[in-house]
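Just below is one structure, and these are the notes that go with it.
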Amino acid sequence: MRILLVEDDDDIADDVVRALSASGCLVERASDGDQAWFLGDTEDFAAVVLDLGLPRLDGISVLKRWRASGRTMPVLILSARSAWTEKVDGIDAGADDYLAKPFEIGELVARVRALVRRASGHASSVLTFGRLTLDTTRMSVAVDGTPHKVSPLEYRLLDYLAHQPGRTVSAGELAEHLHGAEGVSDANAVEALVARLRRKIGRDLIETRRGFGYILSES
Ligand code: CA
């Protein structure tokens, strides 16, 4: 799950990156409005955490530009001021949620996960695909109710597929969401990861659609 964090304060950014990474997300950070607008406009993110007071271009303008160019990813706004007018401006500009600073880091993580979940049509934090169950709060995996130990990268792969129900995901897209745009975008590495995961949780749970990619089995 790739998350864009837009925050110019290094201390806050470090805390948020640490907490979201610990919950299984791949976080990329922008520290000014221009960079944020460009990244959000050209790359795919499962959700965005957007500070409002930013150098170069303010958060509300960044959000308005994304929405004007048809970018629909869920956005949670962070603001130093808890003025209700600012909250209304944010929501009018296309924000999905709002959190005033200072905030509890656990609440931010829970809200981001809820946004991602709702955007993919899931109502609960426990996702079920046939025999496979993913508990996104505990980051645990079970098959037929039996827990299976998987690595953080393997979990991220399952988590990403689980948030794309009914859609076949290409190896390239998976690589981008697992490693980021600057990481290894190698389809062979994804293939090896899927093979390893299948040995752990069972062959049939991740289906391969030849030439298209991967999808979680619903049966
Ligand atoms: Ca700021």
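Counting convention: from 1, in listed order, for ligands and their atoms alike. Worth knowing before you read on, the calculation uses all heavy atoms, side chains too, and leaves out hydrogens, waters and symmetry mates.
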Handout entry: E7 backbone or side-chain N/O/S under 3.0 Å from the Ca ion (ligand 1)
Key = no
Practice task
State, without any angle test, whether R56 and S61 hold a side-chain donor-acceptor pair at a distance under 3.5 Å.
Solution key: no
Practice task
Examine all N, O or S atoms of L54, backbone included, and report whether one is under 3.0 Å from the Ca ion (ligand 1).
Solution key: no
Problem - Test item: side-chain donor near acceptor, S125 and T136, under 3.5 Å - result: no
Practice task
Check whether more than 12 heavy atoms from other residues, nucleotides or ligands sit under 6.0 Å from atom CZ of F103, and answer yes or no.
Solution key: yes
Exercise for the section: Would you mind reporting whether R2 and E43 have side-chain heavy atoms less than 4.5 Å apart? Expected result: yes
Problem - Under 3.0 Å: N/O/S of D51 next to the Ca ion (ligand 1) - result: yes
Completion exercise
min-distance N/O/S atom, D8 vs the Ca ion (ligand 1), resolves to OD1
